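First up is the structure itself, then whatever we jot down about it.
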Amino acid sequence: MSYNPKEIENKWQVKWSEQQAFEPKDDKSLEKKYILSMFPFPSGRLHMGHVRNYSIGDAMARYYRKQNYNVLHPIGWDAFGMPAENAAIKNGRHPKEWTYSNIDYMRKELKSLGLSFSETREFATCDELYTKWEQEFIIKMYEEKLLYRESTTVNWCNECQTVLANEQVEEGCCWRCDNEVELKEMPGYYLDIRKYADELLEDLKLLEGKWPSQVLAMQSNWIGKSQGLEFTFKLSDASKEKLGGKFEGFEVFTTRPDTIYGVTYTALAPEHPIVKELIKNELLDADVIEKITAISNMTEVERAKAGKEGFELGITVIHPLTNEEIPVWVANFVLASYGGGAVMSVPTHDERDFEFATQYNLPLKYVIDGGEEGKAYTGDGVLINSDEFNGMKNSEAKSAIIKLFEEKNLGRGTTNYKLRNWGVSRQRYWGAPIPFVHCKSCGLVPEKVENLPIALPEDVEITGEGNPLEKHPTWSNCSCPKCRAEAKRETDTLDTFVQSSWYQFRYATHPDKWNSCGIDKEDVNYWLSVDQYIGGIEHAILHLLYARFFTKALRDIGFIDNLKEPFERLLTQGMVLMDGAKMSKSKGNTVDPDALIEKYGADTARLFTLFAAPPQKELEWNDSAVEGAFRFLKKLYARKSKVTTNELPTIEHSSLSKEEKLARAKVYEALQKSVDVYEKTFAFNTLIASCMEALNALDKQDNGLVWSEGMYIITHLLEPITPHICAELSEELFSSKNLAGKIEVLDEVFEQDTITLAVAVNGKRRAEIEVASSAFKDEIISQAKESVAKWLEGKNVVKEIVVPNKMVNLVVK
RNA sequence: GCGGAUGUGGUGAAAUUGGUAUACACGCUAGACUUAGGAUCUAGUGCUUCACGGCGUGGAGGUUCGAGUCCUCUCAUCCGCACCA
């Protein structure tokens, strides 16, 4: 009978499901492995990226399960989010119905790939039971002051009609719909991730060598720690008066306190309170007010593209050291959200300040020696024009000047981060409701924990205009949990990234406890951290930063014990490409996993995915290479007729022919390689190649015992990659004995009677010799010389190098 | 501009500590079997040369008996961040 993947795969998928073969065991004394592939968004159908992600994770999970580890390999659904609402708008389907029916379909697709997921630990993040516990965490975070509500400038996507977190803005555009993001002032809820900035940065060190360096670098840049001086510029008396006495001055931050004597102007962000005050009281020319307002209404991208623009505000501040009067400007490049929204400008030693100063003819004052006139000098040097600090190296002056500020109580050394707090409010329906109530007398009040979950109303109208929860006639009506007066429920929902920040703990929590707690500490102590996490690089900052933060926050508010990092090791898989471009529906260059499985079977799909490229690299799709993978499995299946015994045979190696010995050596080479591949390098492509080599070598001989041993080991090795065909062959040929436990490597198979050595003259390969493996160095050298006599004529051999088992190099003159 | 990576046949890619560069697969060429083949099998396949040979891991140097691998410089491509004071 020839290879029939459909029949085999169906048989085993049913069998595994019946046997509950992939459920983790409750016994906590067992050694565990937690293998996690990032869970999918239930978009409707699997794509090849999913197939790759889950094939990699499944190979690891199956490998460890076979080594008798207690393996947790769960799957679930990252189920809230915009696309569900878009489907509602487009096709009139309810987001909930759309989501759960997608899940049902995709669950079948996953099953058809033969993935060894736990079935009992599956959940969707839109399950009310999941929402319930998440809301409890949110309330606790509010009580512990990790969550707060404030009104500030936010990123607004008008297409999605919602606020976005900083991390969700890519080059000034919405991560979902690519619309340009606007800045808008509005209230929202924030998680204080900045409180953890330093820990998040420090703990990246724990992940070195375990996470891709690229991801570590990206996170480190994103956190963006910098050290410097923070101080207040006091307003001149006249300016104070002009502002009605409402401001004493404003704070600035600089990483270059050594250049402080070179300050010739200061600049404020258009959103700065002082600027707003000037506009409010019409203390600026009407056309200037108009222009500043125009800047305020620009998107970030527009501002960046616009080039530098600024206006003198007609107020001045006093330099804290020189007491000089310094003009204050407003400038479009000053960010409201960093360093207090104000900068001290030193055009002589900062490129950006220089450009602005040149444009508006502002004065220059050089304070570090070494540059040229008419240019900004950003290098190191000795201070000039800086009073008592003249002659000091600028690297030393940095700390000396900070010290002076601190002594005179003018300012302080401080650390600043680019990282901004995580805005988690979304003005959308399909998300977890933020469990708060607005009461006229009590203000913002968290819902009582016993009332959770605050569930979404089912009867909503989703039009894409405005917030469906806000427009719902009755849902937001409630009573205040504190005073019982009539109150209004919060209609914002949580960012979907909140759900994916703690799902790794939910999987680890035994399903029997899912009703009684969100996270079980003991279960988490046993299963976490995740031994191997696998997913796309696109989450390098977003999800992976949030999940790290959430882990630390949940620890600090008492929901988990002393866990530092959730993901011990991270593998970021490369994209699946077709014709050099990412597969996408709009480009029409997709491969449908269902069709692929229908034509070749899951094993071929999995084999090709792991064979075509190492997992970390991009994978270029190639239809005929898929055929090649299929051909190999057909061949493997056909060779079952060669097997003559149903167990691992004992073979007397020395009595074998050359071909038989070579075949055994190839088989054991693959076995030897497998540990490294499955546990360290994940270069499944090389393991598969070794198995192909082994099968090719077996084909060159016809010893039944050698064949039996070979098939026994090859099906053992490939089982994590192509589980169905291997399970089938193992059952039929070896009563599945080869799929339990380890197989020991036999060193004797690598021993050979003769060795082939390359002979090089002056490093250039000239000949090959065959010597007895017992041969002494002298014998080898004389034989080598003979083989390359032609190149030695008339020359002196000055050095002879023998590399054992490899080559001989003769150095001649 | 800053940060991270990657450059090896026609293609996807291999290559412990520096030790026979191109394993494995695709593609291609030729042949066999076939009514036929997008099936299967066999052989060949880095470039160059009639040949001996020469040249070959982006480029240029260097260290070494020996470099894809180590060092210096350089070029190209990809990814991320980007007026962060």
Side-chain angles (χ1 to χ4, degrees), chain A residues 170-172 212-222 224-226 228-229 252-256 259 266-267 269 300 303-308 331-335 337-346 350-353 355-356 416-420 537-538 540-541 574-575 577 607-608 611-614 616-629 631-632 634-635 638 666 669 673 676 683 685-696 756-768 790 797-812:
Chain A
E170 294 168 350
E171 289 174 17
S213 55
Q214 190 190 175
V215 176
L216 296 176
M218 281 165 78
Q219 291 217 354
S220 167
N221 287 344
W222 191 261
K225 180 177 180 169
S226 54
L229 169 70
V252 293
F253 171 75
T254 179
T255 54
R256 293 297 304 274
T259 64
T266 67
E300 284 190 10
R303 284 196 208 188
K305 279 186 195 152
K308 296 196 177 14
N332 64 345
F333 60 82
V334 181
L335 304 173
S337 54
Y338 186 84
V343 294
M344 66 170 221
S345 299
V346 185
D350 181 284
E351 304 276 5
R352 185 202 50 204
D353 294 345
E355 193 190 326
F356 190 80
N416 229 320
Y417 300 92
K418 288 187 204 172
L419 181 69
R420 286 189 254 167
I537 186 84
E538 67 272 20
I541 295 174
M575 281 191 298
L577 308 179
L607 182 69
F608 171 74
F611 179 60
Q616 299 87 340
K617 250 188 138 170
E618 290 179 337
L619 187 159
E620 176 69 37
W621 196 263
N622 180 338
D623 285 327
S624 47
V626 176
E627 292 273 356
R631 208 173 298 151
F632 171 72
K634 274 193 286 190
K635 184 167 147 186
K666 286 284 181 193
E669 252 172 50
K673 178 172 222 141
D676 244 29
N685 53 330
T686 64
L687 177 63
I688 295 165
S690 292
C691 289
M692 288 173 168
E693 270 188 81
L695 197 64
N696 290 345
T756 308
L757 297 176
V759 182
V761 179
N762 287 346
K764 184 89 205 153
R765 185 173 172 274
R766 294 296 181 188
E768 219 170 58
K790 190 172 151 191
V797 177
V798 294
K799 204 163 181 181
E800 296 151 346
I801 293 143
V802 177
V803 185
N805 298 320
K806 296 273 182 189
M807 66 178 302
V808 179
N809 189 17
L810 302 170
V811 185
V812 302

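Chain letters run A, B, ... following the sequence lines, proteins first and then strands; every chain starts at 1. This structure is a prediction, so every number in the text was calculated from the model and none was measured.
Checking A25(B), A13(B), A21(B) against the side-chain heavy atoms of Asn696(A) singles out A25(B) as nearest.
The side chain of Ser213(A) contributes an N or O atom lying less than 4.0 Å from OP1 or OP2 of A5(B).
Rounded to whole Å, the distance from NZ on Lys635(A) to P on C41(B) is 7 Å. Nucleotide A25(B) holds its P atom 15 Å from the CZ atom of Phe608(A), rounded to whole Å. Between the CG atom of Leu216(A) and the P atom of G4(B) there is a distance of 11 Å, rounded to whole Å. Following rounding to the nearest Å, Met575(A) (CE) and A5(B) (P) show an atom-to-atom distance of 18 Å. Between the CZ atom of Arg766(A) and the P atom of G19(B) there is a distance of 21 Å, rounded to whole Å. When the P atom of G18(B) is taken as reference, atom CZ of Arg765(A) falls 22 Å away, rounded to whole Å. Across the protein-nucleic acid pair, Trp621(A) atom CH2 and A25(B) atom P stand 19 Å apart, rounded to whole Å. Computed from coordinates, the Leu687(A) CG to A25(B) C1' distance equals 15 Å when rounded to whole Å.
Summarising the local packing, CD of Glu171(A) is surrounded by 12 or fewer heavy atoms from other residues, nucleotides or ligands at distances under 6.0 Å.
Nearest-nucleotide positions on RNA chain B place Met692(A) closer to the 5' end than the other of Gly763(A) and Met692(A).
Taking atom P in both G7(B) and A13(B), one finds a spacing of 9 Å when rounded to whole Å. To the nearest whole angstrom, the two C1' atoms, one in C70(B) and one in U57(B), are 16 Å apart.
Checked against salt bridge (charged side-chain N to carboxylate O under 4.0 Å, His left out), Glu351(A) has no partners two or more places apart in sequence or in another chain. Lys225(A) is linked by a salt bridge (charged side-chain N to carboxylate O under 4.0 Å, His left out) to Asp198(A), counting only residues two or more places apart in sequence or in another chain. Every side chain to side chain contact (heavy atoms under 4.5 Å, CB included) that Lys634(A) has, sequence neighbours left out, goes to Tyr3(A), Phe630(A).
Between Ala540(A) and Gln219(A), the shortest heavy-atom distance links the atoms O-NE2, 2.9 Å.
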Could you list, one pair per line, each protein nitrogen or oxygen that sits under 3.5 Å from a nitrogen or oxygen of nucleotides 27-31 of chain B, together with the distance?
none

Inset, instruction - Heavy atoms under 4.0 Å is the rule here; annotate nucleotides 78-85 of chain B 5' to 3' with B where the base is hit, S where only the sugar-phosphate is, and - elsewhere. - result: -SSS-BBB
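Listed in residue order, the members of residues 803-811 of chain A having a heavy atom less than 4.0 Å from RNA chain B are Val803(A), Lys806(A), Met807(A), Asn809(A), Val811(A).
For G59(B), the base adopts the anti conformation, since its glycosidic angle falls more than 90 degrees from zero.
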